[in-house]
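Presented below is the structure to which this report refers.
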2 protein chains.
Amino acid sequence: MRDDDTDTPAANLAVRPSAGQAATKADKADKPRRKASIRASNESHLLACAEAVFAERGFEGASTALIAERAGLPKANLHYYFPTKLALYWRVLDDLFEEWNAAADTFDASSDPVAAIGGYVRAKMELSRRRPLGSKVWANEIISGATHMQDILLKRVKPWMESRVTLIERWIAEGLLAPVEPKTLLFMIWATTQHYADFEAQIRALAGKRALSAASFEATTEEVVKMILRASGARSPNA
Amino acid sequence: MRDDDTDTPAANLAVRPSAGQAATKADKADKPRRKASIRASNESHLLACAEAVFAERGFEGASTALIAERAGLPKANLHYYFPTKLALYWRVLDDLFEEWNAAADTFDASSDPVAAIGGYVRAKMELSRRRPLGSKVWANEIISGATHMQDILLKRVKPWMESRVTLIERWIAEGLLAPVEPKTLLFMIWATTQHYADFEAQIRALAGKRALSAASFEATTEEVVKMILRASGARSPNA
DNA sequence: GTCTATAAGCAGATAGAC
DNA sequence: GTCTATCTGCTTATAGAC
């Protein structure tokens with residue numbers, strides 16, 4: 001079995017489900033179905049490990065050797081599944097955008113800004129809690145100039161933002177929101193919620209490990225929701 | 001004044017005043033004074049270029065070769081002034097903390113939370129505008145696990161934060177602030193203001209270049225101040 | 001599909017002439 | 001103080017046996 005091989009520096013060894021190591025002479029007789037599932041399993045495992053390494057070291061700082069080592073695979077296998085480091089990185093970014101997009105849907109065109117904004121803030125906080133590494137990869141990419149995300153930003157994020165700007169302006173006109181600059185409000189929501197993922201290490205150092213525990217995180221989420229709603233001056237239409 | 005410094009993170013290239021190449025045989029006859037100023041000039045120029053490269057590529061992704069090239073110096077000279085890449089990085093982080101610290105002072109123990117919080121938000125926004133590369137280096141360092149900043153965070157930032165938490169709690173007790181979680185408020189201020197430096201590339205892509213122009217930035221600053229003050233429920237004691 | 005071995009080049013850092 | 005040349009080891013990526 002590969003996990004027992006002497007050639008994998010064992011330090012942060014990844015205990016994978018099982019697939020991949022099963023390579024024996026029997027493989028040639030395997031059905032395509034089986035092969036496809038090996039591919040899917042190895043790919044997603046590599047993607048998860050890549051996300052962690054890109055989060056810790058940025059694109060340039062990450063090495064395919066380290067990613068492969070974390071995945072418990074030889075480096076050559078990584079290049080078998082992803083031809084280049086950049087191709088792997090793009091797949092990670094694509095995955096992240098899909099999650100971002102799912103959270104974005106919660107900011108719906110409801111007539112109640114309290115529900116829409118509150119729901120969106122909760123979804124973004126939950127995403128920060130559930131996938132902090134992904135948030136860090138995104139942050140790293142933007143900090144480095146967003147070279148590989150121009151397409152996503154311009155074709156996917158920008159249209160979404162513009163539709164929400166219109167929505168926010170309507171709420172303001174209806175007196176359901178204070179006269180805020182819509183983009184400033186959106187940036188504040190992004191910045192504040194993503195801070196709990198991206199600046200995890202700082203929060204841990206300053207506020208202690210407890211600050212990021214499940215119960216505490218939930219309380220913080222409600223606190224953030226309250227503060228954002230107050231900042232935006234949102235009120236429910238029937239209140 | 002800081003604003004007039006020539007060595008502020010001067011984007012890319014590297015047209016230095018002159019020092020460095022001026023090395024001729026006359027050097028040996030130069031006074032110590034002259035040598036010291038060459039050292040100071042080269043050091044600060046290298047620090048500025050290092051800040052830019054660390055911001056763009058993170059610590060691991062940055063190369064001393066690129067930093068030296070930006071500075072217009074051979075790589076060996078960089079190692080003459082800074083023995084290791086890590087030593088150079090530490091100097092950059094130290095410099096950044098000093099700036100952070102200066103801005104932190106504006107959050108004074110005034111009896112008026114509107115003035116104290118508003119002033120602090122403005123100082124942080126101004127820092128994001130004036131030194132975005134520095135903010136990016138800080139962000140990168142934290143995202144990567146804050147390995148090299150534990151000391152600064154624990155010995156300098158944490159005591160500051162705790163004193164402000166006490167202050168905020170006093171304002172709340174005096175009814176000058178809504179009953180907010182003090183740390184959540186501080187994190188929101190940091191996240192929102194630093195977003196304008198760290199996520200510059202995203203803002204540029206989504207809101208256009210104009211969004212970061214001087215006039216627009218000033219308007220955004222006041223918008224952010226208003227929103228933070230509303231989020232915290234601050235009111236002046238004599239109002 | 002897996003993995004060893006290796007190519008070709010770039011990294012951090014240093015030696016030593018000037 | 002400056003700079004060319006170089007050491008050592010790590011980088012991405014590939015070749016080719018199994």
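Per chain, numbering begins at 1; letters A, B, ... match sequence-line order.
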Compare all side-chain heavy atoms of Ile203(B) with those of His195(B) and state whether any distance is below 4.5 angstrom. yes
Taking dT2(C), dG1(D), dT4(D) as options, the one with an atom nearest any side-chain atom of Arg39(B) is dG1(D)
In chain order, what residues pass the side chain to side chain donor-acceptor pair (under 3.5 Å) check against Trp100(A), with sequence neighbours excluded? none
Once you round it to whole Å, what is the distance between P of dT2(D) and CG of Leu78(B)? 12 Å
Over how many whole Å does the gap from Tyr80(A) atom OH to dG16(D) atom C1' extend? 15 Å
Sorted by chain and residue number, the side chain to side chain donor-acceptor pair (under 3.5 Å) partners of Glu43(A) (sequence neighbours excluded) come out as Arg39(A)
Not counting sequence neighbours, which residues clear side chain to side chain donor-acceptor pair (under 3.5 Å) with Asp198(A)? List them please. Ser135(A)
Distance-only donor-acceptor hits, side chain of residues 145-152 of chain A, under 3.5 Å, sequence neighbours excluded:
from, atom 1, to, atom 2, distance (Å)
Gln150(A), NE2, Ala146(A), O, 3.2
Asp151(A), OD2, Lys155(A), NZ, 3.2

All side chain to side chain contact (heavy atoms under 4.5 Å, CB included) counterparts of Ser163(A), not counting sequence neighbours: none
Heavy-atom contacts, protein to nucleotides 5-13 of chain D, under 4.0 Å, summarised as B (base), S (sugar-phosphate only) or - (none) per nt, yield ------SBB
Whole Å only: how far is the CG atom of Leu73(B) from the P atom of dA13(C)? 17 Å
Within the 4.0 Å heavy-atom criterion, would you say Phe82(A) contacts the bases, only the backbone, or no part of the nucleic acid? nothing
Interatomic distance where CG belongs to Asn77(A) and P belongs to dC18(D) [whole Å]: 17 Å
Just the rounded figure in Å: distance from P of dC10(C) to CD1 of Ile67(B). 18 Å
